[in-house]
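We name chains A, B, ... by the order of the sequence lines, and we start the count at 1 in each one.
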Amino acid sequence: MSDYEFQKIESKWQKYWSDNNSIKSDINSVDNNFYNLCMYPYPSGDLHMGHIRNYTIGDVITRYKIMNGFNVLSPMGWDSFGLPAENAAIKTGIHPKTFTEERINNMKDQIIRLGSLYEWDREVAAHSKDYYKWTQFIFIKLFKNKLAYKKDAPVNWCDSCKTVLANEQVIEGNCDRCDAVVDQKNLNQWFLKISEYSDELLDGLNQIGEWPENVKAMQKNWIGKSEGAEFSLKIDETDISFDVFTTRPDTLFGMTFAVVSPEHHIMNEILSLSPNSHDLQKYIDDAKKKSEFERMSLTKEKTGVDTGLFVINPVNGKRVSLWIADYVLINYGTGAIMAVPGHDQRDYDFAKKYNIEIIQVITDKKSESSIEREAYVGGGVLINSGEFDNLESHTEGSKKIIQLLKEKQIGNSKTTFRLRDWLISRQRYWGCPIPLINCDKCGMVPEREENLPVLLPEIDDYKNTNESPLAKSEEFINTNCPECGIEAKRETDTMDTFVDSSWYFLRFVDPSNEEMPFDANKVNNWLPVDQYIGGVEHAILHLLYSRFFVKALRDMNYLNFDEPFQNLFSQGMINFGGSKMSKSKGNTVDPESYFATHGADALRLYILFMAPPSDGVEWNDGGIEGTKRFLNKFWENVEKLSKLEELDSSKNDENIVRKVNQSINSVSKHLDKFEFNTAVSDLMKLNNELSEFLKNSKGVSKKSKDMIMKNICILLFPMAPHIASEVFEEYFKENLIDVTWPEVDTDNLKDPTYELVVQINGKKTYTRDTDIGLEQVEIEKICKEEFNMNLSEFKKIIYIKDKIINFVG
RNA sequence: GCCCGGGUGGCGGAAUUGGUAGACGCGACGGACUUAAAAUCCGUUAUUCGAAAGGAUGUGGGGGUUCGAGUCCCCCCCCGGGCACCA
């Protein structure tokens with residue numbers, strides 16, 4: 001063998017795997033299927049370290065599962081609609097399609113050079129018409145099932161860019177591109193009714209397989225279920241009433257005022273009745289002017305205006321004042337509250353500021369509850385609550401008061417969710433067109449399925465003014481109603497790219513189906529995804545939307561399972577210079593250069609070795625030198641081993657053979673548990689053992705030589721597949737990927753000797769190399785003879801076999 | 001404020017789940033090779049006292065359980081992430 005020429009070896013094997021379809025799932029097989037999926041990337045053009053970590057982990061799993069006899073499905077594709085391509089088009093005039101596909105080609109090349117195995121026959125791209133045809137198809141199905149609807153909604157609008165922005169593109173109230181202040185604007189927008197599934201999305205989190213706790217917690221927070229009561233408050237001396245929601249019906253006797261949000265729909269009635277209407281109007285106007293960000297940041301000090309009107313507490317008939325205040329949000333609950341300053345800190349702050357009465361209605365002797373300085377938000381027994389006094393607040397108290405509201409027919413128990421419907425309209429060019437047509441006679445009509453896809457029109461100017469660039473194409477907009485045939489106009493908005501990614505994992509199972517988005521049998525056979533791997537930044541949006549899509553598709557009979565991703569793994573971020581790598585900060589480390597200087601195998605090993613894969617970690621350039629050194633030593637070792645003289649006796653090989661066997665055991669365990677950092681360290685240890693062995697041995701039996709050579713290659717293969725394949729082929733003339741993962745010889749795991757620790761009163765006093773398997777009497781004898789210990793002075797002796805003996809006295 | 005993580009050498013991190021703390025790697029230091037450097041190889045590397053043998057201390061802090069605690073229990077401090085006027 002020659003020097004370790006990693007570039008030559010790596011390109012050789014990449015070509016081999018590709019030419020031989022080394023990963024090819026049998027899609028109709030029902031046994032031993034394993035769907036291993038890495039989140040498909042936005043084609044930014046270059047892989048960054050996050051991708052490298054993601055796809056290295058994914059590839060380790062793919063190769064490990066293949067060797068363990070699984071029929072592995074490991075596809076890859078592109079989340080290829082989205083803003084950057086459109087911005088580039090505005091700037092340079094290059095068509096977003098050209099721009100995007102160039103970048104896809106470049107990234108695909110880099111993924112291949114990383115040595116990751118993907119079944120490229122199954123490649124999908126969100127922007128291709130073969131794909132977005134089916135995105136539109138699914139949208140129409142959702143529409144027909146009343147899960148897609150259009151309504152006026154406030155959106156983030158950047159007037160300098162003339163576009164809506166996603167929430168995540170609004171940074172502290174400003175546009176992340178031009179820094180201009182973002183306005184709230186009401187536009188007629190399309191929504192998907194994810195809220196229909198709030199409860200199931202929450203419950204599903206308890207039934208799902210292995211998901212990181214923090215991701216589950218984040219989704220739970222986001223869904224934000226709260227249980228309580230809803231009831232109506234009547235404005236005194238009028239017939240007008242409005243609903244309020246509370247999680248604390250037990251505190252109803254403590255209500256000393258009520259608040260409605262400035263945007264509340266009964267504001268017109270309030271204005272016409274209020275003696276204070278001038279002040280109210282001014283407050284409402286001011287609130288409207290404030291951006292959402294301003295309203296949030298100015299929230300320390302609560303403000304509001306007394307309407308001069310009163311509402312009646314339905315349980316005790318008490319008249320309390322009605323206020324408007326912007327600390328009550330229009331889009332949560334009913335946009336109005338009963339205010340109980342004694343037991344809610346926000347109400348307390350407000351009451352203190354405006355000198356409103358505060359009544360304590362719950363007391364708890366144990367915690368010496370008091371409302372002198374702040375609201376008491378804990379539980380206890382009811383007081384000042386008439387017939388309900390002495391009831392336990394959170395149990396009987398709540399229950400009985402809700403019961404009373406029910407009897408009076410003004411309220412009931414109620415569950416509220418924080419999760420709101422998903423706004424998917426985007427006034428942008430580079431996205432999937434919404435396949436709906438506005439007919440004056442028939443209303444909103446979906447395009448006929450046989451006419452799909454509704455193609456993105458060719459346009460000259462991608463800049464959007466106040467509406468989507470698609471509106472500029474007369475040819476596109478003007479059409480005929482699919483129902484009645486009269487002239488009608490198409491929707492010009494495109495969909496949020498998260499719609500595309502909400503079902504791509506289904507398409508991978510059946511990517512060239514021309515009749516349907518996917519075949520139900522195939523999807524039911526392969527899904528849920530056995531292992532999904534991706535960045536934690538998608539913890540809420542993508543993962544929640546996909547879960548919603550699967551449930552909706554299930555209810556429309558397109559598939560028969562409840563959750564898309566059985567097991568989820570989130571890799572941590574790789575930082576550089578103490579913070580997240582980003583082009584604008586100029587602190588990026590470009591992975592591509594390492595392919596040439598260190599090789600893909602060394603890069604993969606370092607990425608795996610640097611930290612536990614779920615932890616964030618700082619990039620350290622020295623680290624990759626270490627894994628490169630390891631590979632060089634490995635290369636030298638196997639060469640020496642292959643040349644080592646072959647002996648008849650295998651007596652001298654026992655130790656190294658056992659070390660290999662121990663490594664099979666521990667590498668397997670670590671890979672099973674995603675502990676790649678320790679799996680790499682196991683390989684390094686084994687390599688060091690092999691160096692020692694080679695240094696001290698004159699020869700080795702043929703059997704041992706083969707055993708060592710074979711297994712050391714196999715163990716390395718998932719993590720550093722190129723070098724492992726090369727060595728294996730050189731020595732065995734076979735392809736490593738076809739080889740089965742080895743069984744552990746459980747009878748040969750223990751070393752014959754160990755270092756016995758002798759403790760006196762729990763303190764390490766002596767150590768001694770000792771044969772395993774000795775009984776306590778034999779160990780005691782050794783202590784007596786070798787360490788001159790007088791055992792009779794100890795009261796108690798604790799012996800843990802093959803580990804430790806502790807003399808206590 | 002609430003909900004998740006997490007605090008171990010100069011650094012990234014190990015520790016069979018209660019049994020020798022610091023595996024493996026990086027860095028640093030010393031040595032070999034070299035005219036020299038790089039690469040490579042050999043050695044040292046938790047802190048502290050000591051010339052050494054050896055001793056003491058040590059897993060964020062304090063208490064506890066135990067023959068024995070990085071690991072289990074209670075209290076506190078700090079860091080990272082997410083959510084946040086959500087009624």
Side-chain angles (χ1 to χ4, degrees), chain A residues 212-222 224-226 228-230 244-248 251 259 261 295-296 298-302 325-329 331-340 343-347 349-350 377 416-420 536-537 539-540 572-573 575 605-606 609-612 614-627 629-630 632-633 636 665-666 669 675 677-688 691 749 754-767 794-809:
Chain A
E213 283 306 317
N214 63 332
V215 173
K216 286 202 265 186
M218 279 156 81
Q219 292 213 355
K220 208 175 155 186
N221 268 339
W222 189 263
K225 181 176 182 170
S226 53
E230 192 172 296
V244 295
F245 171 73
T246 178
T247 54
R248 297 295 304 274
T251 64
V259 186
S261 146
R295 253 171 86 162
M296 284 200 298
L298 296 172
T299 53
K300 302 285 169 236
E301 182 78 1
K302 294 182 182 19
D326 66 4
Y327 82 91
V328 173
L329 306 176
N331 42 25
Y332 185 77
T334 60
I337 61 161
M338 69 171 200
V340 183
H343 303 283
D344 181 288
Q345 192 56 41
R346 295 154 300 178
D347 299 343
D349 295 342
F350 193 82
V377 297
T416 295
F417 293 91
R418 207 185 75 103
L419 180 66
R420 288 179 239 161
V536 74
E537 64 273 20
I540 299 172
M573 276 199 317
N575 298 325
L605 284 175
Y606 177 52
F609 180 63
M610 65 198 318
S614 54
D615 288 5
V617 69
E618 177 77 11
W619 178 264
N620 168 9
D621 229 28
I624 192 170
E625 299 295 339
T627 53
R629 245 172 253 164
F630 159 70
N632 283 331
K633 279 186 230 163
E636 283 168 27
N665 184 45
S666 82
K669 279 186 179 162
E675 292 165 350
N677 54 329
T678 44
V680 176
S681 115
D682 285 336
L683 292 171
M684 289 174 165
K685 280 184 220 176
L686 180 59
N687 200 39
N688 293 343
S691 303
L749 281 174
Y754 71 104
E755 197 172 22
L756 170 74
V757 173
V758 180
Q759 293 185 333
I760 295 174
N761 290 322
K763 206 168 111 59
K764 183 171 82 176
T765 310
Y766 308 105
T767 59
F794 297 106
K795 288 189 200 117
K796 202 170 164 189
I797 300 167
I798 290 131
Y799 175 54
I800 308 295
K801 199 170 184 182
D802 298 342
K803 253 177 203 152
I804 203 161
I805 187 160
N806 189 6
F807 297 93
V808 185

Check: Among B:A84, B:G82, B:C85, which is the nearest nucleotide to the side chain of A:R418?
Finding: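 Within the option list, the nearest is B:A84.
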
Check: Nearest to the side chain of A:V808 - B:C67, B:C41, B:C85?
Finding: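 Nearest listed nucleotide: B:C67.
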
Residues forming a salt bridge (Lys or Arg N to Asp or Glu O under 4.0 Å) with [X], sequence neighbours excluded:
X: A:K801; answer: A:E775
X: A:D802; answer: A:K750
X: A:K803; answer: none
X: A:E230; answer: A:K414

How far does the [atom1] atom of [N] sit from the matching atom of [M], given to the nearest Å?
N: B:G1; M: B:C67; atom1: C1'; answer: 45 Å
N: B:G54; M: B:U45; atom1: P; answer: 14 Å
N: B:U17; M: B:A28; atom1: P; answer: 38 Å
N: B:G22; M: B:C11; atom1: C1'; answer: 13 Å
N: B:C24; M: B:C41; atom1: P; answer: 15 Å
N: B:G62; M: B:G70; atom1: P; answer: 13 Å

Notebook entry, point to check: With both distances kept under 3.5 Å, what pairs with B:G12, Watson-Crick or G-U wobble?
Noted result: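 WC or wobble partner is B:C24.
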
Next item on the list: Under a 3.5 Å limit for both distances, which nucleotide forms a Watson-Crick or G-U wobble pair with B:A32, could you say?
Entry: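 Because both required distances fall under 3.5 Å, B:A32 counts as paired with B:U40.
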
Margin query: With a cut-off of less than 4.0 Å, is there a side-chain N or O of A:S226 near OP1 or OP2 of B:A87?
Written below: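 A:S226 to B:A87 OP1/OP2: side-chain N or O found under 4.0 Å.
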
Next item on the list: Taking only the side-chain nitrogens and oxygens of A:K763, find out if one of them lies under 4.0 Å from OP1 or OP2 of B:A56.
Entry: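 For A:K763, the contact criterion (side-chain N or O under 4.0 Å from OP1 or OP2 of B:A56) is met.
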
Distances under 3.5 Å between nitrogen or oxygen atoms of protein and nucleotides 18-24 of chain B:
unit_1: B:U20; atom_1: N3; unit_2: A:E755; atom_2: OE1; d: 3.1
unit_1: B:U20; atom_1: O4; unit_2: A:E755; atom_2: OE1; d: 3.4
unit_1: B:A23; atom_1: O2'; unit_2: A:K685; atom_2: NZ; d: 3.2

Check nucleotides 37-39 of chain B for protein N or O atoms closer than 3.5 Å to its own N or O atoms and list the pairs.
none

